[in-house]
There are 2 protein chains.
Amino acid sequence: MSVKPTKQRQRILEVIRDAKGHLTAEEVYKRLAIEDHSIGIATVYRNLKYLYDNDLVNRIQHPDFGYVYDSNLNQHYHFHCLSCNRIMDIEDMMHHELNKEVEEKFGGTVHSHMAYFYGICPECLAKQEDN
Amino acid sequence: MSVKPTKQRQRILEVIRDAKGHLTAEEVYKRLAIEDHSIGIATVYRNLKYLYDNDLVNRIQHPDFGYVYDSNLNQHYHFHCLSCNRIMDIEDMMHHELNKEVEEKFGGTVHSHMAYFYGICPECLAKQEDN
DNA sequence: ATAGATGCAAAGGTTTTGCATAACT
DNA sequence: AGTTATGCAAAACCTTTGCATCTAT
C-alpha cells in the first residue's frame with residue numbers, strides 16, 4: 001500500500017482480502033486474535049477507518065451489524081439475502097447513467113450512487129425448493 | 001391509523017409527517033420533549049419500530065446517523081448531499097426493471113431495491129456559486 | 001379485569017477516545 | 001528525537017429490555 005504500512009494494518013487488510021465476503025470489525029478482530037492475542041479492538045477500528053479513508057477497502061452499512069468491510073474496490077451493487085442475511089456483490093452491473101438522470105430530475109450534481117437489492121439468494125432458493 | 005393509536009404514537013407520527021425530511025429517533029424525541037417533558041426515549045424507539053412494522057413510516061439507513069424515518073411511503077430513491085448532509089427524496093424515478101436484471105445476472109429472486117445518490121444538492125450548489 | 005403502552009433506569013452492543021508505552025523514520 | 005501506531009481501559013453512543021405503573025377498553 002502507498003500509505004504507512006504497519007504489521008497490524010497489513011494483517012487487517014489481508015484478512016479482508018482473504019475473506020472474500022463482508023466482515024464486521026468484530027469479525028476482523030476475531031480472526032486476527034487467533035494469531036495475535038495482544039491485538040486490540042481499537043486498533044482494528046482505527047485501521048478500518050484508515051483503510052477506508054485511503055481507499056484500500058470498501059465499506060457499507062449492514063442493516064443489522066453496522067459497517068461491514070470488503071476489498072472489492074470496483075463500484076458495484078449489493079445483494080442482501082433476507083433468508084441467510086448475507087450481503088453479496090453484484091458484478092458487472094453499474095448503471096452510471098442514473099447519475100445523469102438524477103441530475104436532470106433533481107438538480108445539483110451527482111458523483112455516484114449505490115444500490116442495494118433485497119431478495120433470496122440462489123443458494124437459499126435452492127434450499128427452499130428442496131423442502 | 002388502522003392500528004392502535006395512543007397519544008404518543010399519534011404525536012410521533014405527526015412529527016414525522018410534519019418534518020417533511022428524515023429524522024433520527026433522537027430528533028423525534030427532542031421535538032416531542034418540547035411539548036411533553038415526560039415522554040421517554042424508549043417510547044419513541046418502540047413506536048418508531050411499531051410504525052415501521054405497520055407500514056406507517058418509511059425507514060432508511062443513514063451512513064452516519066443510523067436509521068432515519070420519513071413518512072413518504074412510496075418507494076423512492078434518496079439523494080444524500082455531501083455538503084449539507086441532508087437526505088432528500090427523489091420522486092418519480094424508480095427503475096423496477098433493475099430487479100429483473102439482477103435476477104438474470106445473479107440468480108435468486110429480487111423483491112425490491114433501494115438506491116442512494118451522492119452529490120451536492122441544488123441549494124448547496126447555488127451557495128458555492130455565490131462565492 | 002385484562003391487555004397493551006408508557007416512563008424510567010439499567011443493560012447491551014458497537015465504536016471512539018485518552019493515555020502511557022512501543023515501534024518506526 | 002520526534003512522529004505515529006498500539007493496547008488497554010474507560011467513555012460515549014445508540015438502541016433494547018425489565019419492570020412497575022398507567023391507560024383504555
Side-chain angles (χ1 to χ4, degrees), chain A residues 1-16 19 21-70 80 85-87, chain B residues 1-16 19 21-70 85 87:
Chain A
M1 52 188 123
S2 60
V3 288
K4 292 235 172 68
T6 67
K7 220 185 344 167
Q8 291 88 339
R9 187 167 291 162
Q10 283 178 306
R11 284 298 297 131
I12 288 167
L13 185 53
E14 280 167 30
V15 163
I16 292 168
H22 295 75
L23 301 179
T24 63
E26 187 69 27
E27 285 167 339
V28 172
Y29 172 71
K30 278 185 191 148
R31 293 185 190 201
L32 288 173
I34 292 167
E35 63 192 56
D36 176 3
H37 285 236
S38 75
I39 195 167
I41 186 81
T43 302
V44 174
Y45 276 101
R46 274 190 287 240
N47 275 309
L48 287 174
K49 184 173 183 345
Y50 182 93
L51 293 169
Y52 176 71
D53 289 343
N54 287 279
D55 292 319
L56 289 162
V57 300
N58 192 8
R59 181 179 85 172
I60 56 168
Q61 279 244 349
H62 184 113
D64 299 326
F65 309 139
Y67 286 124
V68 293
Y69 295 84
D70 75 296
H80 181 171
N85 221 16
R86 276 185 304 166
I87 292 179
Chain B
M1 54 189 121
S2 59
V3 289
K4 293 236 171 67
T6 68
K7 219 183 346 165
Q8 291 88 339
R9 189 167 290 162
Q10 284 177 306
R11 284 298 297 130
I12 287 167
L13 186 53
E14 281 167 30
V15 163
I16 292 167
H22 297 74
L23 300 179
T24 62
E26 186 69 25
E27 286 167 338
V28 172
Y29 172 71
K30 276 186 193 148
R31 294 185 189 203
L32 288 173
I34 292 168
E35 63 193 56
D36 175 5
H37 285 237
S38 75
I39 196 167
I41 186 83
T43 302
V44 174
Y45 275 102
R46 272 189 290 240
N47 276 309
L48 287 174
K49 186 177 181 343
Y50 182 94
L51 293 169
Y52 176 71
D53 290 344
N54 287 279
D55 292 319
L56 289 162
V57 301
N58 193 7
R59 183 178 81 174
I60 57 166
Q61 281 241 348
H62 188 286
D64 299 325
F65 309 138
Y67 286 125
V68 293
Y69 296 83
D70 76 299
N85 222 18
I87 292 180

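Just so it is clear, the values below take in all heavy atoms, side chains as well, and ignore hydrogens, waters and symmetry mates. Order of the sequence lines sets the chain letters (A, B, ...), proteins ahead of strands, with each chain counted from 1.
Proximity of B:His22 to B:Ile60: side-chain heavy atoms (C-beta onward) are separated by under 4.5 Å at one or more points. Between A:Arg11 and A:Val15, the closest side-chain pair of non-hydrogen atoms falls below 4.5 Å. When side chains are defined from C-beta on, A:Ile16 does not count as touching A:Leu56, because their heavy atoms never get closer than 4.5 Å.
Remark: C1' of C:dT6 and CG of B:Asn47 are 9 Å apart, rounded to the nearest angstrom. Regarding A:Tyr29, its OH atom lies at a distance of 13 Å from the P atom of C:dT14, rounded to whole Å. Computed from coordinates, the B:Tyr52 OH to D:dT16 P distance equals 13 Å when rounded to whole Å. Summarising the geometry, the separation between CG on A:Leu32 and P on D:dT6 is reported as 11 Å, rounded to the nearest angstrom. Distance NZ (A:Lys30) to C1' (C:dG13): 12 Å, rounded to an integer number of Å. One can place OH of B:Tyr50 at 10 Å from P of C:dG4, the figure rounded to the nearest angstrom. Going from atom CD1 of A:Ile12 over to atom P of D:dG7 covers 9 Å, rounded to whole Å. The CG-P distance, from A:Leu48 to D:dA5, rounds to 15 Å in whole Å.
Projected onto DNA chain D by closest heavy-atom contact, A:Ile39 and B:Glu26 fall at different nucleotides, the more 5' of which corresponds to A:Ile39.
Residue contacts shown for B:Gln8 are limited to sugar-phosphate atoms, with no base heavy atom under 4.0 Å away.
Rounded to the nearest 0.5 angstrom, B:Leu51 CG and B:Asn58 CG are separated by 12.0 Å.
Computed from C1' positions of five pairs at each end, the angle between the two local axes of the helix from C:dA1-D:dT25 to C:dT25-D:dA1 equals 20°, rounded to 10 degrees.
Qualifying salt bridge (Lys or Arg N to Asp or Glu O under 4.0 Å) partners for A:Arg31, counting only residues two or more places apart in sequence or in other chains: none. B:Asn47 pairs by the side chain to side chain donor-acceptor pair (under 3.5 Å) definition with B:Arg9, not counting sequence neighbours. For A:Glu26, the salt bridge (Lys or Arg N to Asp or Glu O under 4.0 Å) criterion is met by no residue, not counting sequence neighbours.
Using a 4.0 Å cut-off, no side-chain N or O of B:Thr6 falls inside it from OP1 or OP2 of C:dA5.
The minimum heavy-atom distance between B:Leu13 and B:Val57, with the atom names listed, is CD1-CG1, 3.6 Å.
Sorted by first and then second residue, the salt bridge (charged side-chain N to carboxylate O under 4.0 Å, His left out) pairs involving residues 44-61 of chain B (not counting sequence neighbours) are B:Lys49-B:Asp53.
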How does protein reach along nucleotides 16-25 of chain C, written 5' to 3' as B (base within reach of a heavy atom under 4.0 Å), S (only sugar-phosphate), or - (no contact)?
BBB-------
